[in-house]
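Quick caveat, the model's predicted, so the values are computed rather than measured. In the text below, chain A, chain B and the rest are named by the order of the sequence lines, each starting its count at 1.
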There are 2 protein chains.
Amino acid sequence: MKKLAAQPLYKQVIREVMTAVEAGEWQEDESLPSEIELGVRFGVSQGTVRKALDSLVAEGVLYRRQGVGTFVAGMNDFLARGHFLPLAGADGVAPKIELLGCVRIHAGEQLADILGLRRGAALWQVRRLLRVSGVVIGLEEMLLPEAGFPNLDIRRIRELKGNLRELCWRDFGVRLRDGEVRYRAVAAGQNEARLLMVDLNEPLLQLVRLARDFEGKPQVWSVAWLKTETLAFEPAPFA
Amino acid sequence: MKKLAAQPLYKQVIREVMTAVEAGEWQEDESLPSEIELGVRFGVSQGTVRKALDSLVAEGVLYRRQGVGTFVAGMNDFLARGHFLPLAGADGVAPKIELLGCVRIHAGEQLADILGLRRGAALWQVRRLLRVSGVVIGLEEMLLPEAGFPNLDIRRIRELKGNLRELCWRDFGVRLRDGEVRYRAVAAGQNEARLLMVDLNEPLLQLVRLARDFEGKPQVWSVAWLKTETLAFEPAPFA
DNA sequence: GAGTGGTCTAGACCACTTC
DNA sequence: AAGTGGTCTAGACCACTCG
């Protein structure tokens with residue numbers, strides 16, 4: 001491997017592996033070649049491969065099992081990976097996702113700015129419900145450019161159990177990385193109150209995120225409203 | 001360095017360095033010996049020292065400046081390291097902390113459990129205000145066992161500008177690491193409404209944390225209420 | 001036992017900052 | 001030029017899992 005663009009070798013390896021993962025060279029939960037073999041393939045030492053894989057593991061792209069191998073990780077949604085915990089208690093539960101619907105809308109000025117589109121660009125608006133042991137606990141609204149995800153099919157989303165992150169990857173080759181989350185407390189509006197079955201103006205936890213792909217391009221804007229009267233939200237480890 | 005307790009060398013180095021930092025061997029923003037020198041001191045190679053320092057940097061205990069050295073990081077509070085961002089906008093601002101007061105109370109059953117104390121044990125309750133450009137934006141209530149922090153002095157807290165984390169370290173040798181955060185939305189009660197100057201029942205973002213020391217012992221329980229009508233909260237990078 | 005990840009070394013060189 | 005962090009190698013051995 002050459003020193004292109006003065007990038008360190010391990011960063012080049014990260015890119016190469018990422019590209020291969022995105023190209024589907026190894027399926028989900030399928031093991032990659034061993035660190036030594038990857039080293040031979042990229043012309044670097046095992047230590048360098050390891051350093052590269054370390055960051056991909058830290059980012060949740062891969063996972064390792066000692067003595068067994070390194071595997072491609074699944075693509076659970078950010079919220080699906082989070083935990084909902086009883087206020088006083090110990091163990092948390094991950095929510096189940098239920099697709100509500102998917103419609104085509106047009107970007108307002110602000111949203112267009114955020115997603116790097118022109119004003120009025122076509123967007124998909126996907127809405128989902130979150131349930132913990134059957135009880136509705138959250139509502140999520142996600143917006144993604146139609147240009148990048150043409151012919152987004154509601155039945156397809158349903159097939160993947162509402163897992164939009166996995167869909168973006170499988171059907172459109174876009175691998176989303178988690179973005180930073182902003183937290184707010186807001187009063188429930190008409191919509192939220194109805195869908196979450198709470199009173200108007202009841203406090204809801206609002207999570208706002210911008211998910212980017214691995215090139216850093218903004219891809220999905222998401223706003224979620226969570227009912228936290230009896231359960232607190234704890235985000236998943238990775239940023 | 002020996003293979004005690006089957007711990008890998010780099011983990012032993014982490015402990016050694018941590019101990020030295022806690023003992024105050026190097027002051028804040030003072031540089032540690034070079035990686036090579038540390039290697040000689042602990043009887044390991046530079047690569048192993050580096051791996052150890054990597055995790056301490058990731059945890060925010062140390063920071064590095066290429067070509068210069070490795071330094072002991074300051075001890076800003078979790079909330080003080082977070083950012084408050086305008087809803088639509090770009091750059092966030094870190095809040096200023098203002099001490100409200102410090103009183104001695106007794107642990108209820110639940111709190112005693114969490115902090116690993118007996119019921120009724122003496123606690124310090126420290127309350128602080130958070131301001132962003134002068135405007136009150138949050139209230140934080142922290143509880144810590146009197147046993148671990150005897151003679152906690154309000155004037156001393158004030159001296160350190162309300163930075164309780166730094167105080168725990170400097171005066172009591174307890175270095176707190178960030179704990180996981182749980183998020184909720186709650187309605188403002190009497191107290192919160194008065195101190196934050198909002199209406200009763202206005203939605204507030206609640207953050208609940210349990211900070212532990214580097215041995216994993218629970219040390220500080222904290223609950224914060226944040227006004228997020230105009231500013232969203234974004235936690236600091238490190239978990 | 002064979003294959004994998006996990007650790008460790010000694011030594012090398014590069015990139016950066018400071019004097 | 002000297003000293004620091006940052007990268008990289010070749011080779012070694014350990015710890016773990018699985019057939």
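- Here A:Phe71 and A:Tyr63 bring their ring centres to under 6.0 angstrom of each other.
- For C:dG6, one of the phosphate oxygens OP1 or OP2 lies less than 4.0 angstrom from a side-chain nitrogen or oxygen of A:Arg64.
- Across D:dG5, C:dG5, D:dT7, the shortest atom-to-atom separation from the side chain of A:Gln66 is found for C:dG5.
- Using modelled atom types, one finds no donor on one side chain facing an acceptor on the other under 3.5 Å when comparing A:Tyr10 with A:Asp54.
- Comparing A:Gly67 and A:Lys11 by the nucleotide of DNA chain D whose heavy atom lies nearest to each, the residue mapping closer to the 5' end is A:Lys11.
- Rounded to an integer number of Å, the gap from B:Glu35 CD to D:dT4 P is 10 Å.
- Distance CZ (B:Phe71) to P (C:dT17): 12 Å, rounded to an integer number of Å.
- When the P atom of D:dT7 is taken as reference, atom CD of A:Gln7 falls 10 Å away, rounded to whole Å.
- D:dT7 atom C1' lies 15 Å from atom CD of A:Gln46, rounded to whole Å.
- For the OP1/OP2 pair of C:dT4 and a distance below 4.0 Å, the side-chain nitrogens and oxygens of A:Ser31 include no atom meeting the criterion.
- Among the nucleotides D:dT7, C:dT7, C:dT9, the one closest to the side chain of B:Pro8 is C:dT7.
- Contact annotation for A:Arg50: base contact, defined as any heavy-atom pair under 4.0 Å involving a base atom.
- Per the geometry, OH belonging to B:Tyr10 stands 21 Å off P belonging to D:dC13, to the nearest Å.
- The interatomic distance linking B:Leu32 (CG) with D:dG3 (P) rounds to 18 Å, in whole Å.
- When heavy atoms are screened at a 4.0 angstrom cut-off, B:Thr70 is found touching the sugar-phosphate backbone but no base atom.
- Atoms CD (A:Glu37) and P (C:dA2) sit 17 Å apart, rounded to a whole Å.
- Aromatic pair A:Phe149/A:Phe172: centroids less than 6.0 angstrom apart.
- Taking the side chain of A:Arg65 as heavy atoms from C-beta on, and the options C:dT9, D:dT17, C:dT7, the nearest nucleotide is D:dT17.
- Distances were taken from every side-chain heavy atom of B:Val68 (C-beta onward) to each of C:dT18, C:dT4, D:dT9; the shortest belongs to C:dT18.
- Neither OP1 nor OP2 of C:dG3 sits under 4.0 Å from any side-chain N or O of A:Ser34.
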Quick one: do A:Gln7 and A:Gln12 satisfy side-chain hydrogen bond (donor to acceptor under 3.5 Å, both in side chains)? Show the steps, please.
CA-CA 7 Å; A:Gln7 278 285 74; A:Gln12 296 179 49; over 6 Å; no
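- Computed from coordinates, the A:Leu62 CG to C:dT4 P distance equals 16 Å when rounded to whole Å.
- The local environment of CG in A:Asp29 is crowded, with over 12 non-hydrogen atoms from other residues, nucleotides or ligands closer than 6.0 Å.
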